[in-house]
**Q** 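What follows is a single structure, and I will ask about it in a moment.
Sequence lines set the chain letters: A, B, ... in the order given, protein chains first and strands last, and positions in each chain run from 1.
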Amino acid sequence: MKASSNKSLDFEINLLPVISVLAVCISFLLLTTVWVQIGTFDLSQALGTEGAADAQAKKPTLWLTLSNNGDVQVVVKNAPALNDRLQLNQVRGTQSRVSVSNIADLIEKIKAKVPELNTGLVIPAAQSSYEDLVKVMDQMKKNNIAEVGIAPL
Amino acid sequence: MALNDNKIIDNVKSPAFSGAQSATTSTRVLVTTNIVTKVLSSPVTLTSLVDCFTILVVYLLVATHMGSEQLDVSKDMQLPAAAHSTELKLGNIVRIENDKYFLNDKKINVDELFDALKASLSNSDSVIIQADKKVDYSKVNPAVLSALQAGFKQVKFAVLQEDEG
């Protein structure tokens with residue numbers, strides 16, 4: 001006798017528990033996700049006699065001196081290959097704020113002429129904006145100046 | 001009219017109702033002895049809902065940074081933004097808020113900052129300075145100077161990570 005094979009192979013998945021689990025997951029993740037990512041900007045500060053050792057090595061160094069009115073003096077030290085026009089520059093600020101874009105352009109030009117330039121030092125003024133300071137240092141890192149330090153007042 | 005005279009027929013494809021039937025709605029026809037009433041029900045398509053939920057869960061899981069350190073920043077404080085920042089690794093935290101200095105959430109006088117940092121050097125050799133972006137550098141300077149004098153190898157500024165480019 002032939003066995004009956006009429007049993008349907010169709011089956012139904014109950015989606016309601018799946019939806020419940022997903023809804024709980026979404027609620028939990030929405031509550032716990034941190035949307036603002038905080039990182040750190042690392043300074044390369046010389047400790048003890050490190051600064052003197054670097055000075056002896058005569059490595060090209062970029063010095064950025066910020067003034068209270070937003071002007072920035074850009075000096076490249078120990079870079080004889082660089083012409084006078086690029087060795088000393090003054091970047092005017094706008095409305096007492098540092099013109100970050102102009103500084104970025106200038107650093108880019110300097111870096112193109114002195115590729116071995118790898119060290120930068122920012123000398124802020126007392127009234128320099130902390131935001132401007134970080135932006136300037138960020139621009140230096142953007143132009144592959146890996147060691148960026150700050151001079152305390 | 002007796003109730004058992006009623007008969008419900010699912011998915012009737014009579015020429016009269018075939019136009020009203022769609023892929024997502026089923027037509028149920030209540031046939032009575034005298035009246036033919038069309039009952040329209042529109043079930044929610046749960047499959048697409050589950051798809052949406054799954055996409056949301058995957059997106060949120062990707063957006064969540066599991067295991068990364070977090071820094072408590074008060075709502076009044078706006079950190080400066082920097083593209084070339086590194087992942088936060090907690091160390092000693094000097095917070096500057098309303099001209100007051102806090103070392104690891106403990107309020108401290110600016111004159112005592114050096115001694116306190118020196119004492120906390122054994123915890124970690126890095127110090128993270130957390131300050132509002134609008135403050136002058138003169139407010140940040142005591143923290144930088146004290147950290148360097150205390151002998152911290154790594155001095156870091158807490159920043160908001162922004163996309164490069």
**Q** Is there a donor-acceptor pair closer than 3.5 Å between any side-chain N or O of Asp138(A) and the backbone N or O of His84(B)?
**A**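 Between the backbone of His84(B) and the side chain of Asp138(A) there is a qualifying donor-acceptor contact (under 3.5 Å).
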**Q** Would you indicate whether the side-chain heavy atoms of Ile38(A) and Leu160(B) approach each other to under 4.5 Å?
**A**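 Yes, at least one pair of side-chain atoms sits under 4.5 Å.
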**Q** Tell me whether Lys89(B) at atom NZ has more than 12 heavy atoms from other residues, nucleotides or ligands lying less than 6.0 Å away.
**A**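 Atom NZ in Lys89(B) is not crowded, with 12 or fewer foreign heavy atoms closer than 6.0 Å.
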**Q** Does Tyr59(B) OH have over 12 foreign heavy atoms under 6.0 Å away?
**A**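 No, because the 6.0 Å sphere around OH of Tyr59(B) holds 12 heavy atoms or fewer from other groups.
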**Q** Considering only heavy atoms and a distance below 4.5 Å, find which of Val50(B), Leu56(B), Thr64(B), Thr86(B) pairs most often with chain A.
**A**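 Of the options given, most contacts go to Thr86(B).
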**Q** Quick check on the hydrophobic clustering: are Leu148(B) and Phe114(B) connected, directly or via other members, by side-chain heavy-atom contacts under 4.5 Å?
**A**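 The answer is no; the residues belong to distinct hydrophobic clusters.
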**Q** On a heavy-atom basis, which atom in Leu153(A) and which in Ser138(B) lie closest, and how many Å separate them?
**A**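 Leu153(A) and Ser138(B) have their closest heavy atoms at CD1-CA, 4.0 Å.
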**Q** In terms of hydrophobic clusters joined by side-chain contacts under 4.5 Å, are Leu145(B) and Val140(B) together?
**A**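 Shared cluster, no.
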**Q** Under a single-linkage definition using a 4.5 Å side-chain heavy-atom cutoff for Ile, Leu, Val, Met, Phe, Trp and Tyr, are Val127(B) and Val110(B) assigned to the same hydrophobic cluster?
**A**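 Yes, because Val127(B) and Val110(B) connect within a single hydrophobic cluster, where side-chain heavy atoms sit under 4.5 Å apart.
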**Q** What part of Ser126(B) gets within 4.5 angstrom of chain A, counting heavy atoms only: side chain, backbone, both, or neither?
**A**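 Contact with chain A: none, neither part.
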**Q** Return the minimal non-hydrogen interatomic distance between Val57(B) and Cys25(A), and the atom names on each side.
**A**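 So the two residues come closest at CG2-CB, 4.0 Å.
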**Q** Where do Tyr137(B) and Ile150(A) land on the side chain to side chain contact (heavy atoms under 4.5 Å, CB included) test, with the steps shown first?
**A** CA-CA 11 Å; Tyr137(B) 180 69; Ile150(A) 195 165; 3.5 Å; yes
**Q** Could you look at Ile19(A) and say if it's the side chain, the backbone, both or neither that has a heavy atom under 4.5 Å from chain B?
**A**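 For Ile19(A), backbone and side chain are both near chain B.
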**Q** Out of Ser129(A), Pro152(A), Ala23(A), return the one with the most heavy atom pairs under 4.5 angstrom to chain B.
**A**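 It is Pro152(A).
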**Q** Atom CD1 of Ile26(A) and atom CD1 of Ile55(B): how far apart are they, to the nearest 0.5 Å?
**A**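 Here the interatomic distance stands at 10.5 Å.
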**Q** For Asn109(B), I'd like to know if atom CG has over 12 heavy atoms of other residues, nucleotides or ligands within 6.0 Å.
**A**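 Enclosed.
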**Q** Just how far is it from atom NZ of Lys133(B) to atom CD of Glu131(A), taken to the nearest 0.5 Å?
**A**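 It is 4.5 Å, given to the nearest 0.5 Å.
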**Q** Measure the spacing between CG of Leu16(A) and CG of Leu46(B) and express it to the nearest 0.5 Å.
**A**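 These two atoms lie 6.5 Å from each other.
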**Q** Determine the sole option in Leu90(B), Ile129(B), Leu88(B) for which the side-chain contact (heavy atoms from CB on, under 4.5 Å) test with Thr40(A) is passed.
**A**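 Exactly one option meets the side-chain contact (heavy atoms from CB on, under 4.5 Å) with Thr40(A), and it is Leu88(B).
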**Q** Taking atom OG of Ser44(A) and atom CD of Gln154(B), what is their separation to the nearest 0.5 Å?
**A**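 Taking OG in Ser44(A) and CD in Gln154(B), the distance rounds to 9.5 Å.
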**Q** Where does Val135(B) contact chain A at under 4.5 Å (heavy atoms): side chain, backbone, both or neither?
**A**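 It is both, since atoms from each part get that close.
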**Q** With a 4.5 angstrom heavy-atom cut-off, could you sort out which part of Val159(B) is near chain A: side chain, backbone, both or neither?
**A**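 Both parts, backbone and side chain.
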**Q** When you look at Leu43(A) and Phe157(B), which way does the side chain to side chain contact (heavy atoms under 4.5 Å, CB included) test go after all the steps?
**A** CA-CA 8 Å; Leu43(A) 300 177; Phe157(B) 291 143; 3.9 Å; yes
**Q** What part of Ala125(A) gets closer than 4.5 Å to chain B, counting heavy atoms only: side chain, backbone, both or neither?
**A**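 The answer is the backbone of Ala125(A).
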**Q** Check whether Leu30(A) gets within reach of chain B through its side chain, its backbone, both or neither, counting any heavy atom under 4.5 Å.
**A**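 Both backbone and side chain of Leu30(A) come within 4.5 Å of chain B.
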**Q** Same hydrophobic cluster for Met77(B) and Phe102(B), using side-chain heavy-atom links shorter than 4.5 Å among ILVMFWY?
**A**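 Per the 4.5 Å side-chain linkage, Met77(B) and Phe102(B) are not co-clustered.
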**Q** Between Ile128(B) and chain A, which part of the residue has a heavy atom less than 4.5 Å away: side chain, backbone, both or neither?
**A**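 The side chain, not the backbone.
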**Q** Where on Ala151(A) is there a heavy atom nearer than 4.5 Å to chain B: the side chain, the backbone, both, or neither?
**A**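 Just the backbone, heavy atoms under 4.5 Å.
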**Q** Kindly give the heavy-atom pair with the smallest separation between Tyr130(A) and Ala131(B), and that separation in Å.
**A**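 That closest heavy-atom pairing would be CE2-O, 3.5 Å.
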**Q** Are Leu49(B) and Val18(A) connected, step by step, through hydrophobic side chains (Ile, Leu, Val, Met, Phe, Trp, Tyr) whose heavy atoms are closer than 4.5 Å?
**A**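 Per the 4.5 Å side-chain linkage, Leu49(B) and Val18(A) are co-clustered.
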**Q** Most heavy-atom pairs under 4.5 angstrom with chain A, which of Ala82(B), Pro142(B), Ala158(B)?
**A**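 Of the options given, most contacts go to Ala82(B).
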